[in-house]
Amino acid sequence: DQASFSVWFNTSHDYTDDIWNGKEGVLITNDTQPANPEFSLLIQVDNSLVFYSAENYNSDFLTSSFPVNDGQWHHAVAVIGNNYNELYLDGELIGSNNNSGNADHGSNIFIGAARSYSSGNYTGLMSEVNIYDRALNSSEVASLYNHQIPQDNLQASYDFSDGEGNTLHDNSGNGYHGTIYGASWEGAQNSINQLSINDGHLIHKGETAEIPLYLTTSEPLNGLIFTVDVNSQDNSQISSDIDVSLSIDGSDLSYQTGP
């Protein structure tokens, strides 16, 4: 079986003392029982990102060479191909191996915990989880990193935009809605973590969005007025920490802001 799992995450939790003791920070897994064939994408040991897919724990783990609990948004993609595994971090391939182990892809999938919400709990923010029943290539991983979701063989897509309730809705159209246990929604009242512009594009804190404007006119553009409304996922207005610049054909324009 082939599969791919994409997830955005942001954590500052220290997992140093949580080595394989049921407290590892699981991002996504199908680990339903200790001896069950499984895959798992998690944060563990030295706060690095870890991915494995095999019938037992003796397979070669793919890991990042640096900790990922820096309080910044990161994008991880785990790929299970035909006798190989790959791990991408922030759009770059950071590891691959040859692995023919059965990952039992037909079992339930857990996001943010393993087996139950009391085991393997992840501590932090998550967004944009996409699940495929095929191996993605590097170009498709790059598209996901740029918040563009490939649709071929997309099995489940969760944008975490509900903002309330205990249901995580699947936007793929396949109806794989999830039930939330022991987690809470993060609102914009605490921090600006994810923004949305008018085409549904998702922008994480610290990133830049270019919004094209197409104008056809024979008149001077002096006095042109347009508005930029930035909203958090819970639709509350954000009025600070937003930088706006304007340009036409690469040339910067002078502008002023209003109330």
Side-chain angles (χ1 to χ4, degrees), residues 1-10 26-30 38-43 48-54 59-65 68 72-106 109-112 125-161 168-178 194-197 199-204 206-212:
D1 292 341
Q2 299 185 30
S4 300
F5 308 91
S6 170
V7 57
W8 281 92
F9 68 94
N10 181 336
V26 173
L27 296 173
I28 187 166
T29 186
N30 69 338
E38 61 190 40
F39 68 84
S40 192
L41 178 64
L42 54 90
I43 301 168
S48 62
L49 185 68
V50 176
F51 172 58
Y52 65 85
S53 169
S59 65
D60 292 331
F61 290 0
L62 299 177
T63 66
S64 64
S65 60
V68 293
Q72 302 296 315
W73 281 101
H74 292 287
H75 179 235
V77 177
V79 176
I80 303 172
N82 185 15
N83 296 330
Y84 70 89
N85 291 338
E86 292 179 337
L87 178 60
Y88 292 81
L89 181 60
D90 295 334
E92 300 292 332
L93 178 66
I94 64 171
S96 63
N97 61 24
N98 297 321
N99 191 356
S100 59
N102 176 19
D104 192 15
H105 301 149
I109 290 177
F110 299 88
I111 298 173
L125 302 172
M126 298 182 71
S127 186
E128 288 185 66
V129 173
N130 293 286
I131 301 172
Y132 297 83
D133 66 354
R134 65 180 178 89
L136 297 177
N137 59 42
S138 58
S139 295
E140 292 170 317
V141 171
S143 293
L144 284 165
Y145 181 62
N146 288 300
H147 310 288
Q148 300 169 357
I149 303 174
Q151 295 299 307
D152 290 348
N153 296 81
L154 178 63
Q155 297 300 297
S157 181
Y158 308 101
D159 63 8
F160 289 70
S161 63
L168 186 63
H169 286 94
D170 172 22
N171 298 314
S172 72
N174 294 322
Y176 293 122
H177 308 303
Q194 192 173 73
L195 309 177
S196 177
I197 62 178
D199 64 353
H201 186 79
L202 293 171
I203 304 299
H204 292 91
E207 295 181 346
T208 301
E210 294 184 359
I211 306 175

How long is the span from the [atom1] atom in [X] to the [atom2] atom in [Y], to the nearest 0.5 Å?
| X | Y | atom1 | atom2 | result |
| --- | --- | --- | --- | --- |
| His74 | Phe9 | NE2 | CZ | 5.5 Å |
| Leu144 | Ile149 | CG | CD1 | 7.0 Å |
| Glu86 | Asn137 | CD | CG | 9.0 Å |
| Ile94 | Leu89 | CD1 | CG | 5.0 Å |
| Arg134 | Ile80 | CZ | CD1 | 14.0 Å |
| Tyr132 | Gln151 | OH | CD | 6.5 Å |

Compare all side-chain heavy atoms of [X] with those of [Y] and state whether any distance is below 4.5 angstrom.
| X | Y | result |
| --- | --- | --- |
| Trp8 | Leu125 | no |
| Glu128 | Ser6 | no |
| Val79 | Tyr84 | yes |
| Asn85 | Phe39 | no |
| Asp170 | Tyr158 | yes |
| Tyr88 | Ser138 | yes |
| Tyr176 | Ile131 | no |
| Val26 | Ser40 | yes |

Practice prompt. Would you mind telling me which of Ile109, Asn30, Leu27, Ile111 makes a side chain to side chain contact (heavy atoms under 4.5 Å, CB included) with Phe5?
Written response: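 With Phe5 as partner, side chain to side chain contact (heavy atoms under 4.5 Å, CB included) holds for just one option, Ile109.
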
Item to complete: State which residue, out of Val68, Leu42, Leu41, fulfils the side chain to side chain contact (heavy atoms under 4.5 Å, CB included) condition with Val50.
Response: Leu42

Worksheet, complete the sentence: Only one of Asn130, Asn171, Asn174 passes side-chain hydrogen bond (donor to acceptor under 3.5 Å, both in side chains) with Ser157, and that residue is Asn130

Worksheet item: If you take all heavy atoms of Ala135 and Ser4, which pair is closest and at what distance?
Response: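 Closest approach of Ala135 to Ser4: CA-OG, 3.4 Å.
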
Item to complete: State, to 0.1 Å, how close Ala156 and Ser172 come at their nearest heavy-atom pair, and which atoms those are.
Response: CA-OG, 3.7 Å

